[in-house]
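Report on one structure; see the data block that follows.
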Amino acid sequence: MIYQIPWIYTPVRSILAVWHQLTKTEIPELSKGSVMMRDRRRVEETIRAMSRAGAGRLQVISDFDMTLSRFAHNGRRVPTTHNILDNRLLINEECTIKMKELLNTYYPIEIDASRSAEEKLPFMVEWWTKVHELLIEQRIRKDMLAQAVKESRTMLRDGYKVFFDGLHQSRVPLLIFSAGVGDVLEEVIRQNQVFHSNVHVISNYMDFDHTGVLRAFKGQLIHTFNKREGAVTQAAALSQLRGRPNVLLLGDSLGDLTMADGVSDPRHVLTVGFLNDQVEERKESYVNAFDVVLVRDETMDVPNAILRSITSCGDGK
Ligand code: TMP
Ligand code: MG
């Protein structure tokens with residue numbers, strides 16, 4: 001670099017160094033084949049602005065199933081938190097069959113590129129309500145959940161440890177906002193040893209009776225297309241997230257884009273969407289909706305690179 005040449009007048013060198021710092025693109029991961037961006041320049045400008053503000057002004061809001069957890073591994077689907085419950089320790093064969101039937105009916109609707117979120121909404125309420133009723137009938141035992149998670153094929157995306165540990169070290173709060181089952185989700189991150197003190201979870205939590213048997217689900221039902229309501233009520237109330245107007249949002253559904261709607265006075269919001277399934281049909285809508293789209297990318301490489309860039313500069317409060 002020219003500003004490193006010793007004979008250049010010192011103030012000129014300083015100005016050039018600052019200029020380089022402000023304009024450099026230090027995220028080669030954005031050139032990966034899996035990355036699609038509507039406007040790369042805007043993405044890089046947003047990352048630079050977030051870098052200048054630093055870790056102290058940042059929060060990360062992420063979906064869980066198929067965002068932090070993998071979509072597939074060796075050609076097989078990885079179970080979601082609901083599907084981890086498909087274990088004879090917890091539910092019988094009849095329940096497994098019924099849950100599969102519901103998945104086959106409603107999942108295609110959830111990802112149907114030809115329907116709007118409003119059209120999908122009643123179907124999602126129906127799906128979640130039916131599944132939760134089935135689970136309650138099974139009288140699931142709290143003390144069996146950990147074993148079911150251990151026996152499952154659940155997997156977080158490659159690079160998850162760098163993601164969780166890095167955020168913890170930089171003291172950046174991570175809000176996991178999931179329409180899955182909160183108790184199962186917590187167990188997955190606990191067993192992966194990344195349930196650090198900076199992690200907050202909003203999800204569907206099971207309500208157990210005094211003998212530890214499932215009797216209901218707590219609070220307002222969260223499904224893929226009503227996350228906005230949870231964001232405005234529950235996320236907005238979390239004091240740990242206040243004073244952090246810059247947001248890195250990660251999701252795999254268009255419904256996940258509303259997860260930051262509870263942030264008061266947002267400054268810079270960068271959205272990253274994992275496009276796992278029905279790629280050709282949904283590519284256009286994802287590129288229009290998310291700032292960065294990761295196509296069939298089972299890794300956290302890009303989010304980790306963005307975070308490295310943001311947390312390595314700024315005030316780091
Ligand atoms: P998420 O908000 O953490 O992604 O969780 C929601 C996902 O869970 C959604 O994509 C659909 C999936 N799901 C199942 O796999 N099985 C089920 O029975 C239900 C109700 C949802
Ligand atoms: Mg998801």
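Whatever order the structure lists ligands and atoms in, that order sets their numbers, starting from 1. Remember, predicted model here, so these are calculated numbers, not experimental data.
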| query | Charged N to carboxylate O under 4.0 angstrom, K32 versus E29? | reply |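 No, this pair does not count.
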
Quiz item: Hey, is R228 close enough to D261 for a salt bridge, meaning N to O under 4.0 Å?
Solution: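 Looking at D261 together with R228, the answer is yes, because their closest N to O distance falls below 4.0 Å.
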
For [atom], grab the closest protein heavy atom and report residue, atom and distance to one decimal in Å.
atom	value
atom 3 (O) of ligand 1	S178 OG, 2.7 Å
atom 15 (O) of ligand 1	T80 OG1, 2.7 Å
atom 1 (P) of ligand 1	D63 OD1, 2.9 Å
atom 8 (O) of ligand 1	D65 OD2, 3.9 Å

Quick check: does [X] get an N/O under 3.5 Å from an N/O on ligand 1?
X	result
E110	yes
K227	yes
M66	no
W128	no

Sub-2.8 Å protein N, O or S atoms surrounding the Mg ion (ligand 2):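 Less than 2.8 Å away from the Mg ion (ligand 2) sit D63 OD2, D65 O, D252 OD1.
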
query = Nearest 0.5 Å, what's the OG1-CZ distance between T299 and R70?
reply =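 Reported value, rounded in 0.5 Å steps: 9.0 Å.
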
- Message: When you measure from the centre of the six-membered ring of F225, is the NZ or CZ of R115 closer than 6.0 Å and no more than 45° off the axis?
- Response: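 The answer is no, since R115 fails at least one limit relative to F225.
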
ask   = Knowing that exactly one of D252, L249, L294, V272 qualifies, which makes a side chain to side chain contact (heavy atoms under 4.5 Å, CB included) with T67?
value =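 In the set D252, L249, L294, V272, the residue that makes a side chain to side chain contact (heavy atoms under 4.5 Å, CB included) with T67 is D252.
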
**Criterion side chain to side chain donor-acceptor pair (under 3.5 Å) against E44, the qualifying member of R48, R40, R41, R42** =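 Exactly one candidate clears the test, R40.
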
**Asked** Residues two or more places apart in sequence or in another chain: which of them pass salt bridge (charged side-chain N to carboxylate O under 4.0 Å, His left out) with R38?
**Response**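 So R38 forms a salt bridge (charged side-chain N to carboxylate O under 4.0 Å, His left out) with D291.
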
*Should the ring pair H196 and H168 be called parallel, tilted or perpendicular, given that the plane angle runs from 0 to 90° and is split at 30 and 60?*
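The arrangement is parallel - the two ring planes meet at less than 30°.
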
Can a side-chain donor-acceptor contact be found between N288 and S285 if the only test is distance below 3.5 angstrom?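 There is no such pair between these side chains.
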
Review point. Taking atom 17 (C) of ligand 1 as the point of reference, which of F64, F177, W127, Y107 owns the nearest heavy atom?
Key: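 Residue with the shortest heavy-atom distance to the ligand atom: W127.
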
